[in-house]
Structures are given as structure tokens and as C-alpha cells.
Amino acid sequence: MALAFFVLLLLLAPVVVVSQPGFLSIDCGLDDSYSGYTDKITGIVYVSDGPYIDSGENRRIAPNLESSWLYRQHTLRSFPSGMRNCYALPTVADTKYLVRASFAYGNYDGTNSSSLSFDLRLGPNYWDTVYTDATMNFVIEAIFVAWAGWAPVCLVNTGRGTPFMSALELRQLGDALYPLVVPGLIISTYARENMGSSDSITRYPDDRYDRYWWPMVMASSRWVNESTERTIQPDTNFAVPSPILQTAVAATVNDTALTAITWQYRSSSFMTYLHFADFQDTQIRRFDINTNENQSGPTLKSYSPSYMASSTVYTENYTSTDGNYNITLSASATSVLPPMINALEIYVRVPYESPTTLPEDFDAIMAIKIEYGVKKNWMGDPCFPTKYAWDGVKCSNTSGNTTRITSLDLTNSYLHGAISKNFTLLTALENLDLSHNNLSGSVPDSLLSLPSLRVLNVSGNQLSDNSLCKSYTGSLTFRYDYDVSTCKPSSSPPRNKAIIVVSVVVPVLVVVVLLLAYFIWREKRKRNVQPVSTHDLTTDSQFDNAPSSHEGNQKKSDNRRFTYKELEVLTNNFKKLIGQGGFGPVYYGRLEDDTEVAVKMRSESSSHGLDEFLSEVQSLTKVHHRNLVSLIGYCWEKDHLALVYEYMSHGSLFDHLRGKNDAAEALNWRTRVHVVLEAAQGLDYLHKGCNLPIVHRDVKTSNILMGQKLQAKIGDFGLSKTYLSDTQTHISATAAGTAGYMDPEYYLTGRLTESSDVYSFGVVLLEVATGMPPIVPGHGHIIQRVKQKIATGDIGSIADLQLGSAYDISSMWKVIDTAMTCTADSAAQRPTMATVVIQLKESLALEESREKDSSIRASRGSDIEAMVSTFHPLAR
Ligand SMILES: *[C@@H]1O[C@H](CO)[C@@H](O)[C@H](O)[C@H]1NC(C)=O
Ligand SMILES: *[C@@H]1O[C@H](CO)[C@@H](O)[C@H](O)[C@H]1NC(C)=O
Ligand SMILES: *[C@@H]1O[C@H](CO)[C@@H](O)[C@H](O)[C@H]1NC(C)=O
Ligand SMILES: *[C@@H]1O[C@H](CO)[C@@H](O)[C@H](O)[C@H]1NC(C)=O
Ligand SMILES: *[C@@H]1O[C@H](CO)[C@@H](O)[C@H](O)[C@H]1NC(C)=O
Ligand SMILES: *[C@@H]1O[C@H](CO)[C@@H](O)[C@H](O)[C@H]1NC(C)=O
Ligand SMILES: *[C@@H]1O[C@H](CO)[C@@H](O)[C@H](O)[C@H]1NC(C)=O
Ligand SMILES: *[C@@H]1O[C@H](CO)[C@@H](O)[C@H](O)[C@H]1NC(C)=O
Ligand SMILES: *[C@@H]1O[C@H](CO)[C@@H](O)[C@H](O)[C@H]1NC(C)=O
Ligand SMILES: *[C@@H]1O[C@H](CO)[C@@H](O)[C@H](O)[C@H]1NC(C)=O
């Protein structure tokens with residue numbers, strides 16, 4: 001265990017600096033190439049934060065403010081994107097630590113913010129809230145017992161400014177220290193005062209654990225300052241340094257009571273430590289220690305501090321019903337000398353509210369993360385809070401205060417090298433998907449003997465071919481390029497081969513099919529075809545360009561074939577025009593059974609020809625999904641081409657966002673997220689395809705249609721093209737799409753992939769969040785506009801003003817974040833629609849629980865304001 005820890009440390013911090021043992025001192029935002037430095041005042045070695053965090057930007061405080069910060073941390077790391085960003089500090093499980101985070105805003109972003117606030121979490125558990133402004137240096141400290149090989153320190157954006165951090169310090173405390181701090185409890189420093197001293201902060205090397213001892217905050221005129229030159233023996237449980245004990249305050253001789261500290265704080269409980277060491281003379285000093293003057297808190301009678309040695313009085317769980325606290329020392333009748341006190345510590349008790357991932361699983365997945373350099377959103381606790389659970393990680397139901405990792409999906413994650421034995425450490429794993437990476441070597445035997453493993457997918461890698469054959473026992477479900485039961489290549493050949501064959505065949509097929517279709521069309525035109533009432537399109541070979549081997553899977557559709565006369569009747573002679581698509585006009589109609597339909601006619605002037613028509617019919621006959629507008633039938637007669645769709649009574653998302661076509665009612669946030677989630681599901685289905693993936697090519701708000709109860713469906717497949725998803729075998733098509741939504745990479749290269757739709761969908765998400773069109777003349781593209789606002793960290797400036805504040809901030813951030821990843825410049829960095837669906841589901845869940853959440857946040861906020869307005873310890 002200890003050795004593993006040592007190795008990890010070396011891996012993480014390649015620059016080996018001679019540091020204080022048990023200290024990790026991180027100067028956030030320091031250039032990675034900078035090997036670190038020794039602080040002149042304390043002699044502490046600071047290192048860059050690069051190895052401990054995956055996200056954020058390096059920034060520097062305004063030059064004119066540098067002199068106001070005592071220590072050298074003038075750089076910081078800012079986190080403009082992501083709701084939550086976490087450092088991972090290496091720890092030794094079951095060891096006690098002091099952790100301190102410092103925040104020197106220093107107007108680094110030039111906005112001179114006066115009310116910056118965000119939350120800090122230790123793993124999934126709330127630690128404290130940061131409040132800071134341009135002039136303040138805020139310091140937050142806690143003592144806790146590490147539960148695993150890593151302690152994540154997370155900054156959570158609560159919609160009140162961009163989180164940042166200046167310094168992060170971890171100090172290993174001896175096991176004997178702070179014996180009341182047990183696993184599952186954080187004590188967050190509220191005050192630590194060096195009584196009788198007017199010095200600045202006392203810390204390392206005076207305090208070997210580098211605690212901050214702040215000078216007295218409020219000196220009373222009824223106190224006298226006492227001090228001694230003689231060294232005082234520290235005790236083992238608190239190790240209060242001698243320089244701290246050498247000063248004290250005492251009541252003036254006439255006064256027999258000394259109120260050491262008073263504070264206000266609502267709904268919490270405190271752990272307090274009072275440190276005493278009598279250094280005056282051996283005359284009797286005896287006093288009662290009263291909390292809240294005999295009323296609610298504990299009391300200690302007739303206490304007599306030791307002479308020239310440290311002793312400590314504590315209260316473990318000090319609460320007050322009215323939020324007022326005070327600690328008073330009153331001289332006993334027998335006392336000759338007045339009461340005195342040398343130092344005190346007050347901590348807020350913050351018990352863990354959330355379960356955590358089982359430490360062994362957490363350590364194992366961190367090892368996997370480091371070994372393969374996985375980034376994704378892999379920060380903080382893997383399973384909790386569930387809204388930030390790691391992508392691809394699924395966890396079991398919580399038992400006790402922990403949960404297990406049961407499923408790990410690392411498909412398409414650019415893993416290379418051998419399959420690590422570290423996977424074997426996830427002993428509760430049921431599903432492991434390592435497909436489509438660049439893994440080589442063989443599958444370790446130990447992995448195959450994992451007790452719970454049910455599905456192991458290693459297909460699409462460069463594994464040595466029959467490595468599974470030697471140990472396959474039949475109890476696992478394998479997804480593998482080889483058929484492990486025969487140890488021969490499986491009957492469906494490996495993906496790469498399939499693609500080469502198909503990519504040659506398909507273009508040829510397309511040409512043949514189009515020619516054939518044209519001749520048949522001409523033939524029918526000559527014969528002036530008699531109306532045929534129903535006709536199964538999918539059995540017409542001319543519509544099917546898929547390789548024949550796929551035919552078996554094809555779902556038979558019974559699309560109706562209409563005559564032009566029938567269309568005239570059902571549209572009442574094309575009376576009601578309801579839209580104008582790229583393909584031609586769209587008319588409202590009613591079938592015999594009163595089913596409402598939209599009839600899309602191909603106009604003579606349409607720039608799109610027969611091939612588009614065929615393309616659309618062909619796409620639509622194959623796909624059926626509740627979030628795709630379904631095709632009811634078609635007409636193909638003489639010069640008339642038409643498609644008959646189900647009628648979407650509530651218009652398009654575009655109409656709703658822009659208040660067009662009488663759809664003026666503003667959609668609330670929940671409805672908006674719901675609509676885009678459904679649209680995402682529709683697109684995801686298209687991309688997964690029934691036989692071959694389909695790229696929509698024209699995703700935009702006006703193509704997201706809404707039916708009864710605002711159920712959303714994706715419409716207009718006029719531009720859809722069937723193609724193969726492999727990046728090498730794209731089908732180049734003339735760039736088609738709508739300005740503002742078009743993937744720049746597709747536009748430049750003509751390379752068409754699903755990620756082009758993902759890009760367009762990202763633009764749709766931004767429109768839904770901001771209520772603004774993709775392009776505002778003179779203000780540029782929506783992506784740039786939102787990016788600029790994200791930098792301010794103020795969600796209120798991004799969200800649609802029509803929403804007011806009626807939305808969950810996390811839900812909104814989730815949509816914005818998703819949109820930003822969807823619209824990444826490089827297609828490779830964009831998520832799949834399946835991932836987008838997951839994100840939107842989470843966003844919807846957040847919004848749905850908004851009421852509850854916001855009331856919790858409000859009450860916590862006001863508590864902490866009360867605390868700040870009294871005297872939270874601050875660095876100078
Ligand atoms: C920043 O704000 C403070 C008050 O919040 C003000 O005193 C100071 O002048 C401002 N500085 C700048 C550079 O705007
Ligand atoms: C969880 O509970 C067990 C005992 O029930 C305890 O030993 C462990 O420290 C706890 N862990 C945390 C993180 O609270
Ligand atoms: C004790 O020291 C404090 C801090 O320096 C000072 O404010 C206070 O006036 C002193 N009290 C006396 C009685 O000298
Ligand atoms: C303390 O008592 C003495 C005598 O009783 C008096 O002279 C002095 O003013 C008192 N000091 C204070 C601070 O009350
Ligand atoms: C101490 O607390 C008690 C109970 O809340 C209150 O009655 C008393 O006035 C307080 N004393 C001081 C000095 O604040
Ligand atoms: C607190 O108790 C002590 C004795 O136990 C008593 O002398 C003192 O008056 C009490 N204080 C209050 C405010 O009741
Ligand atoms: C702390 O005190 C409160 C009130 O006396 C009590 O409800 C709570 O259970 C205590 N907590 C601990 C951890 O002792
Ligand atoms: C586990 O991962 C660590 C990196 O975190 C690596 O050093 C170690 O070699 C791996 N262990 C095994 C058994 O593969
Ligand atoms: C987890 O809990 C949920 C609801 O409590 C239940 O539906 C589900 O079956 C449980 N899963 C397992 C693996 O126990
Ligand atoms: C995959 O690994 C092989 C050998 O390790 C290497 O030659 C190849 O470039 C890698 N491919 C990718 C895409 O990383």
C-alpha cells in the first residue's frame with residue numbers, strides 16, 4: 001500500500017522537489033513546465049497543479065494587486081466551463097489530513113467582481129462555500145480522515161461567478177492529533193486564534209503541521225495581554241506550538257469573568273478546542289468554563305490549567321438553539337488569579353451527507369484513469385453525486401455508506417497498450433466494454449475470472465487473435481472479433497473487413513439503383529400507371545441500396561401509395577398551405593378516417609430532384625421511432641411526386657422559440673429540455689440506424705416538430721443520406737444544410753459523419769437555452785456569443801430572458817456544456833447523440849427536482865452569509 005502510494009506520487013510529480021515530509025503544496029495555475037519554488041517566508045516548496053487536475057485555465061491576478069498578497073501565489077486556475085471541477089489529492093487511506101484552499105481573486109478576469117461565490121466539496125460531500133471579491137484573500141481549511149488513495153477537492157459553480165483556486169495545501173497530521181475527528185466527518189475551520197498576539201498569521205515552521213494561527217480578532221478592553229519568553233511543552237493530541245502558547249489574555253484583575261469569544265451562526269454544530277498553559281506563577285488559578293452562560297451548552301466546573309505545559313478543553317458537539325454562541329471563563333471563588341486563555345479553535349462540524357464509491361473501487365478506477373490517461377469528466381467521486389457520475393461508469397445500489405462500480409464503458413476512448421490488470425481490481429464489475437480502442441496483447445486471465453463479470457466486449461481492438469480461446473469457459477458473454485466457441489473468425493467478419501467490402505459496393509449500388517429507378521419511372525409514365533391502392537416500398541428492389549445480407553432485418557412497412565386525385569381530395573384541392581420546405585410546398589389534409597396529414601409536394605422548380613425524393617422515401621420506410629415524424633404514404637404519378645406525413649399540430653420548435661405561426665406561448669425550461677431530449681432520441685435512433693446509420697444533414701429548430709402534448713419529433717429527411725459510419729469511408733456529398741447550423745468541418749471538407757448532425761444539434765441546444773437565433777447580424781455566431789458569456793460564469797447572462805429565473809442552474813449549465821462539446825471544432829471531440837441523450841436526461845431530472853433543490857440552497861446561503869458577516873478567519 002505504502003509502496004503503491006510512493007510510486008503514484010512519483011508518477012504524478014515527475015519533478016522531484018525536496019519537500020516537507022507529509023506536505024503537498026500546490027500553487028494553482030503555475031505553468032506546468034515550472035518545476036516549483038521555495039516560498040521565501042515559510043520555506044515551503046510549492047509545485048504546479050498540472051498533475052492534479054484535468055480542466056481549467058491558468059490565470060494571474062492583476063499586477064497592481066500582487067503586493068497585497070503576503071505569499072507568493074499570484075497565479076490561479078479558473079474554471080469557466082463545467083458545473084464541477086475537481087482536483088485529486090493523493091492521500092493514504094485512514095490517515096488524518098489538514099487541507100487548505102486559498103482564493104485570491106485579485107481581479108484576474110478584469111471584471112472586478114464584488115460578489116463571487118461557489119461551493120467547495122470534499123469528494124461528493126459539502127465542505128464550505130467560498131465568498132470573495134477583488135480585494136479579499138479567502139482561506140478555507142478542514143481536517144478529515146482520508147477514505148481512499150485520493151481525496152477529490154471539487155469546486156462547484158452555483159451560478160454566482162466562475163470558480164477558481166489559488167493554492168491548495170495538504171498536510172498529513174499524526175494519527176494522535178484531533179482524536180475526535182473520525183471517518184465520515186469533516187471539521188471545517190471557523191476560527192483558530194492566537195490569543196494575546198497581534199502578529200500576522202503564525203504557521204510553518206512554527207507549527208510543524210502548518211496550521212494557520214490567526215491573531216486575535218476582537219481584543220476586549222477588559223483583557224490584559226500576557227506573554228512569556230520561556231518555551232512551553234506542547235501536548236501530543238493538539239501539538240499547539242510553543243510560540244502560540246507563550247501569549248495569552250487574562251481578565252483584568254477586577255474582572256472575574258472573561259468572555260473569550262462570541263459568534264452567531266444558524267443551524268449548525270461546532271467542535272471547539274480551548275488551549276491553556278499557565279506561565280505566570282504558581283498561585284492558584286481556577287475557573288468555570290461556561291458555554292452560552294449556563295444555558296444550553298456544556299459547562300466545566302473548577303478547571304485549573306497546567307503550569308508551563310499545554311492542556312486542552314473541548315466540546316465535541318456544541319449547538320445553540322438561537323444561533324448565538326459564547327464561551328465565558330468565570331473565576332471560581334477559591335481562585336487567586338483571574339481566568340486566562342492562550343489559544344482557541346472553533347470548527348464547524350460537516351458530517352458526510354453523501355455515500356461514496358467503495359475506496360478500493362475508487363483507487364482501482366483512478367489507476368485505470370492514470371494508466372490510460374482517460375480524461376472525459378473523470379473527476380471527483382466516480383458515482384456521487386449521481387448527476388456528476390463519471391461517463392461510462394455505472395454503480396450498484398448503495399449499501400451502507402458506499403457503493404460499487406458494476407459497469408465500465410470505455411468504448412472509443414483511445415485506449416492503447418495492453419489490457420491492464422488494474423481492471424481486475426474492480427471486483428464487482430459485471431459489464432466491461434473496451435471495444436473500438438487500440439488495445440493490444442491478450443485478455444488477462446484474471447479478468448476472465450472476475451466473479452461477477454457477465455459481459456466483456458473487446459471487439460475492434462488489435463488483440464492477439466485467439467487469446468480468449470485458451471481460457472474461455474462459456475460463462476461470459478463476449479463481444480469479440482473472433483468466435484470464441486470455435487476459435488475461428490466469427491461468421492460476421494471483423495468490422496474493418498466488412499467496411500472495405502461495403503464501401504466499394506454501396507456507391508456502385510447507388511448508381512445502379514438510381515438508373516433503374518429512372519427507367520422504371522419513365523416506363524410507368526409511358527403506361528400512365530393505374531392507381532394501385534397499397535404498395536410496399538421496401539419490397540421494391542429499386543429503393544433498397546443496402547447490401548442484400550441486411551434485408552432479413554428489414555422491418556416491413558406498409559406505406560400507402562396515393563394517386564394525385566386522392567391527394568386533391570384529401571387536401572381539399574391544396575387549400576391550406578402550411579409550410580414551404582426545401583423540397584416544395586406542404587399542404588394540410590385529412591384522410592378518410594379523419595387522420596390529419598401533411599402533404600409535401602415536389603414543386604417543379606425544386607432544386608432537388610428524383611434522387612432526393614428517393615432518398616427520403618427510402619430513409620423513411622426504414623426508420624420508425626416515436627421521435628421521428630412518420631411517413632404515411634407517398635404519391636408517384638406522372639409529374640407528381642408527394643410524401644404524406646403525419647400532421648404535427650403544434651408546429652416547430654422554431655415557431656415556439658420565435659413566437660411564429662401563433663405559437664406565442666413561451667416554453668418553460670422543463671418543456672424545452674423535454675423537447676430537445678426527444679429530438680436527441682430521434683437523432684440517436686437515426687445515427688444508430690436499422691441497417692446503416694443515417695445522417696440527417698439538416699438538423700435545425702424548424703425541423704423539430706411538435707405534436708399533441710408537445711411530443712417532439714424530427715422531421716424532414718429530404719436531405720438524409722445513408723452512409724457508413726467509419727471515418728475513412730464517408731460518402732462525400734455536396735454540402736447541404738442551413739447556414740448557422742452547418743458543421744464547419746463538413747463545410748470545409750465535405751466529409752459527412754454523424755458528428756455533423758451533433759454539431760447542428762449543439763446549435764439547437766444553444767438556441768433553446770438562450771432563445772436567440774444562431775446568427776445575429778453584427779454579433780456573430782451563437783457559439784462565439786455564448787463562449788464569451790461563459791467566461792463571466794454568469795448563467796443569468798446566457799439563459800433566455802423569457803425564462804426569468806425559473807430554471808435550475810445546474811440543468812441550464814448541463815445543456816450549455818453539452819452544447820459546447822457538441823459544437824467543438826474538431827468532430828472527434830464531439831459526443832455521440834447517445835451521450836447527448838444521457839446528458840439531457842440528467843438535465844431534465846435536475847430541472848424536475850428544482851423546487852426542492854433551490855430551497856435547500858437558499859437556506860444554506862443565508863447561514864453562511866451570517867457567518868461571513870461575523871468573523872470567518874481571513875488571511876491578510
Ligand atoms: C473594484 O471595485 C471596488 C469596490 O467593489 C472599487 O473600490 C474599485 O475601485 C474597483 N476597481 C476597479 C479597477 O474598477
Ligand atoms: C463507512 O462506514 C464504515 C463502517 O460502517 C466506516 O468504517 C467507514 O469509515 C465509513 N466510511 C465513510 C467514508 O464514512
Ligand atoms: C492586547 O493586544 C491587542 C492586539 O495587539 C491589542 O489590540 C490590545 O489593545 C492589547 N490589550 C492591552 C490591554 O494592551
Ligand atoms: C480595579 O480596582 C481598583 C481598586 O479597587 C481600581 O482602582 C481600578 O480602577 C479598577 N480597575 C478597573 C479596570 O476597573
Ligand atoms: C451568551 O449567550 C447567552 C445565550 O445565548 C446570552 O444570553 C448571553 O447574552 C450571551 N453573552 C454574550 C456576552 O454574548
Ligand atoms: C452561571 O453559573 C454560575 C455558577 O455555576 C453562576 O455564578 C453564574 O451567575 C451563572 N450565570 C448566569 C448568566 O446564569
Ligand atoms: C449533537 O447535538 C445535537 C443536539 O444536542 C444532537 O441532536 C446530535 O445528535 C449531536 N450529534 C453528535 C454527532 O453527537
Ligand atoms: C495500475 O495502474 C498504475 C498507474 O496508475 C500502473 O502504474 C500499474 O502498473 C498498474 N497496475 C497493473 C497491475 O497493471
Ligand atoms: C436498485 O434499487 C432500485 C430502486 O430501489 C431497484 O429498482 C433496482 O432493482 C435495484 N438494483 C439492484 C441491482 O439491486
Ligand atoms: C495502434 O497501435 C499500433 C501499435 O501499437 C500503432 O502502430 C497504431 O498507430 C495505433 N493506432 C492508433 C490509431 O493509435
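This is a predicted model, so every value here is computed, not measured. Indexing begins at 1, ligand by ligand and atom by atom, following the structure's order.
- Between N225 and ligand 3, a contact under 3.5 Å exists for at least one N or O pair.
- The K421 neighbourhood of ligand 8 comprises atoms 13 (C), 14 (O), with distances under 4.0 Å to a heavy atom of that residue.
- Side-chain rings of Y204 and F23 approach one another, their centers coming within less than 6.0 Å.
- In this structure, K376 places its NZ atom where more than 12 heavy-atom neighbours from other residues, nucleotides or ligands lie under 6.0 Å away.
- In terms of protein heavy-atom proximity, atom 5 (O) of ligand 3 is closest to S198 CB, 2.9 Å.
- Residues Y212 and W214 bring their aromatic ring centres within 6.0 Å.
- Atoms of ligand 8 lying under 4.0 Å from at least one heavy atom of S420, given by number and element, are 14 (O).
- Ranking the protein heavy atoms by distance from atom 13 (C) of ligand 3 puts W223 O, 3.4 Å first.
- For ligand 8, the atoms lying closer than 4.0 Å to a non-hydrogen atom of I370 are 5 (O).
- For the residue pair T202/R211, the side-chain donor-acceptor check at 3.5 Å is not satisfied.
- Scanning all protein heavy atoms for the shortest distance to atom 7 (O) of ligand 3 gives A219 CB, 3.8 Å.
- Ring centroid separation for the pair F238 and Y273 comes in under the 6.0 Å cut-off.
- Remark: aromatic rings of Y325 and F270 are close, center separation under 6.0 Å.
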